[in-house]
Amino acid sequence: MRFAVVVFPGSNCDHDAYHAVKHVLGAEAAFVWHKDTDLAGADVVILPGGFSHGDYLRTGAIARFSPVMASVAAFAAAGGPVIGICNGFQILLEAGMLPGAMLRNRGLKFLCEHVHLRVERTDTPFTALCSEGQVLRLPIAHGDGNYYAAPAVLAALEAEGRVIFRYAGPDGRVSDAGNPNGSLNNIAGICNEARNVVGLMPHPERACEAALGSADGLVVFRSVVASLAGKGALRAVAREA
Amino acid sequence: MKARVFVTLKPSVFDPQGRTVAEALHTLGYDAVEGVRQGKYFELDVRAGTPGEARALAAEVADKLLANPVIESYRIEVGEV
C-alpha cells in the first residue's frame, strides 16, 4: 500500500502526512513534487495542508494548475482515493474536483486549535472504519475555512449524503457553538459524487499519536488501507490511470 | 493597453472582511457608510490590437484564474493608459 504525498511550493504538512502513513501506519509513502506528473504508483493520493504559493490570489487557486493536478484528476476519475487536507481541500475546491469554495473565517482570525467533528458517513474510503456519529478530536489551522456553496449545491450535497464531517461539540451535537469558522451547515468535510475524493479542513495527519494530543485521525488512514484491501480490483484500475 | 479587472464577492455571499471594515468605520463615526464590500483589483498590461480584443483577453483570464465563479463576479474596464 503506497501513499503519494503531493508537495506544492508552500506545503507545510507534507512531512506530517508522510510521517503518519509511513511511521505510524506502516505503509509506503513517497513525496511527489507538484511539477511531476508521475504519481509513483500510488494507491492513495494525499494533497497536504500548507500555504501553496503563499495563498496568493485565493487559497489553492494557483496550485490547481500545477502539472501534477491533471494526474491527480485522472487518478480520481479512475476511482483512486484522493484526500485533500486543509490547503489540499482548498485546492480540490479550486480545481472543481469538489463543489463549493472557502471564504475567510467569519471571525477573521487564523484558527489554530482542536475541534470536534462528527462523522456523518462511513461510505467513503476514508471513513470506512468509523462508525456513524463517531466524534473525532482533530486540530484545525486555517484562515479560510468558512465553507460556502450556492443553495442548490448545498442542498444536493445534503440530499446525496456527501457531507462527511461536521463541526460539533464534544458530545457530537452539531450546533453553531461548535462551528469555528462559520461554515454552512457546519461542514468540515465533503466528498465527490463517486465518493472516492474527500476534502476536509481539520488535520487527521497531525493527530495520529497520543503524544500529539489526539490519535483520532489515524482512523482516516486506516480506513483507506482497509477499504483498498477489500477492493483489489479498484487498485488495479487506479494503477493503470 | 490596460485592462482593469475588479473582482468582488457576489451579493449573495457574506463578506466578513467588508463587514469588519464597515464596523471600524462606524466606530470612527462614519455612520453614513452603510455597507462595505471588499474586493480585488487587477491592472493588466495586455498586448492587443483593439479595446475589444483586450476586453476579451481580460475576461478569459478572469474566468480562468482571477475570479472564482462560485463566490465572485468581476467587471472589466479597458483603456490606453
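Every chain is numbered from 1, with letters handed out A, B, ... down the list of sequences.
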| query | Between A/Asn146 and A/Ser183, does a side-chain hydrogen bond (donor to acceptor under 3.5 Å, both in side chains) hold up when you go through it step by step? | reply | CA-CA 4 Å; A/Asn146 182 352; A/Ser183 290; 4.7 Å; no

| task | Indicate the ring-plane relationship of A/His15 and A/Phe31, choosing parallel, tilted or perpendicular according to the 30° and 60° boundaries. | result | tilted

| field | Residue part contacting chain A, namely of B/Lys64, when any heavy atom lies under 4.5 Å | value | both

| query | Are the charged groups of A/Arg195 and A/Glu193 less than 4.0 angstrom apart, N to O? | reply | no

| said: Using side-chain heavy atoms (C-beta onward) and a distance below 4.5 Å, is A/Val82 in contact with A/Val72? | reply: yes

| Of A/Asn185, A/Asn179, A/Asn181, which meets side chain to side chain donor-acceptor pair (under 3.5 Å) against A/Tyr167? | A/Asn181

| Interface moiety of A/Ala101 toward chain B, non-hydrogen atoms closer than 4.5 Å | both

| message | Run the side chain to side chain donor-acceptor pair (under 3.5 Å) test against B/Asp45 and tell me which residues pass, sequence neighbours left out. | response | B/Lys2

| task | Using the six-membered ring wherever Trp is involved, compare the ring planes of A/His34 and A/Phe8 and label them parallel, tilted or perpendicular (cut-offs 30° and 60°). | result | tilted

| field | Within residues 107-126 of chain A, residues adjacent to chain B where the heavy-atom gap is under 4.5 Å | value | A/Leu108

